[in-house]
Amino acid sequence: MNHESTSFNPKTWVSPEPLDTGSEAPAGQAETGKGGKTVWLGVGLALLIVLGALYLFWPTGTDAGEAVSAAIPDVPAESTEPAPPATATRIIQVQGMNELGASLQTMNVPLGDAYVIAEEAVAALGADAPMLVKVELGDTQTEPFVQSLVAELDNGTAVRLVRNAEGNYDRENLLETATTKVRSVEGTIEHNTFYVSAVAAGMPDSLVSEFTKIFSFDYNFQTEVGIGADFSATWEEQVTESGRIVGIPKLLTVTLETPSKSRTYYSFVPPDERETQWFNAQGTGNVRSLMQTPVDGARITSKFGYRTHPISKVQKKHRGVDFAAPTGTPIYASGDATVTFRAMAGGAGNLVKLDHGEGMETKYMHLNQFAAGLTVGQPVRQGDIIGYVGTTGGSTGPHLHYEIWIDGVDTDPLTFETSEQKSLSGDALAMFRAHRDNLVSAGEAMAAR
Ligand SMILES: [Zn+2]
């Protein structure tokens, strides 16, 4: 009889008794044992009955379990007085078949069994990555064997091996059930960059770039969004029963407020569309026909218009805007377009020209590299990467020189606006309103917690 192993829930990594001791959860202990250290969690069934408690020991001398050891007396690993437990639970962190096999051997599992089990577990996981392993040992007094073993990778992929009546192992692939949780964040820009402020407020760093991109039609992040601007966002993420976040979080609502304006957008997939788009409360899209700033995190170093050359004192028109950014920073197509030029072109350096139709053209100069596979005649979507910032041609440092031409006239990208924002209507608008109200109440429910 061994109610320890039969009550074990592999999804939680925690058997009920250790949790009830009031100590840290064993999963947490195992995490602190990273870097080759091993946490041994020995559960003595006999002692459980006699003392009503478990005992722990750490043969490798790790300090990972200090919080627990204060409450529970240490018992030497080799102690045979009182009688050692007939079963034991061990939690270890290992990587690869050989490490797992060797660890099982240190639990006195026979060499042959240890490596067969290790091979089976690693093959089932399909990756030689670090894993958390929980082992239930049987008959630890005379001939220790693995009663069951659960091995889990960081991404949640897990396998359970259970010894059957024939002494072989039945295999079961496990995946933790993940549920969708809505989270929210509110903050004020207090640091030099929006990125630092957003992450400090609790926004997952993987969402910051998308957040800024959503507002790239309304705000220039360098000139308009500074210290004191307020931002908020809600997003959903997949959380497993053991509290791990898996997959990629997804933004639901975003708000950005500066002294001069405030914008809120809601994610929505319009009927007959496949990709998420962003709409304000009235159902008007965030996208204008061309982006003001087709590059992330850039600093404007030279504006559009006439300027006097610092040395020659000659007035010359600057036909675009210069955005300084590190070499290699991605440059986006500022609108849906066809590539009309992609080559080295004298002082312009590596140059891309895009034709957006209706007389609109954009030019991107001094690129370090073109996007892989970019060819003349190719259609691109707004936001596609077309190349990378560089300093080729007549340029003194890495920057993007960006021009907008309307009907053959050079136009200031920073003041250029079109009213071609997409607005929802009819059924799509009704669907959007219901969806928007759901998002708002989900965010409010989250904030109320
Ligand atoms: Zn320039």
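This structure is a prediction, so every number in the text was calculated from the model and none was measured. All ligand and atom numbering here is 1-based and tracks the order in the structure. Side chains are part of it too, since the values below use all heavy atoms of this structure and drop only hydrogens, waters and symmetry mates. One-based numbering along the sequence shown.
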**Q** Does any N, O or S atom of His318, backbone or side chain, fall under 2.8 Å from the Zn ion (ligand 1)?
**A** yes

**Q** Name all residues meeting the salt bridge (charged side-chain N to carboxylate O under 4.0 Å, His left out) criterion together with Arg183; count only those two or more places apart in sequence or in a different chain, and write none if there are none.
**A** Glu237

**Q** For Arg171, what residues pass the salt bridge (charged side-chain N to carboxylate O under 4.0 Å, His left out) criterion, not counting sequence neighbours?
**A** Glu120

**Q** Is the distance from the Zn ion (ligand 1) to some N, O or S atom of His401 under 2.8 Å?
**A** yes

**Q** Could you tell me the separation between the CD1 atom of Ile92 and the NZ atom of Lys134, rounded to the nearest 0.5 Å?
**A** 12.5 Å

**Q** Can you name the N, O or S atom of Asp322 that is closest to the Zn ion (ligand 1)?
**A** OD1

**Q** Nearest heavy-atom pair of Val269 and Glu275: which atoms, and what distance?
**A** CG1-O, 4.0 Å

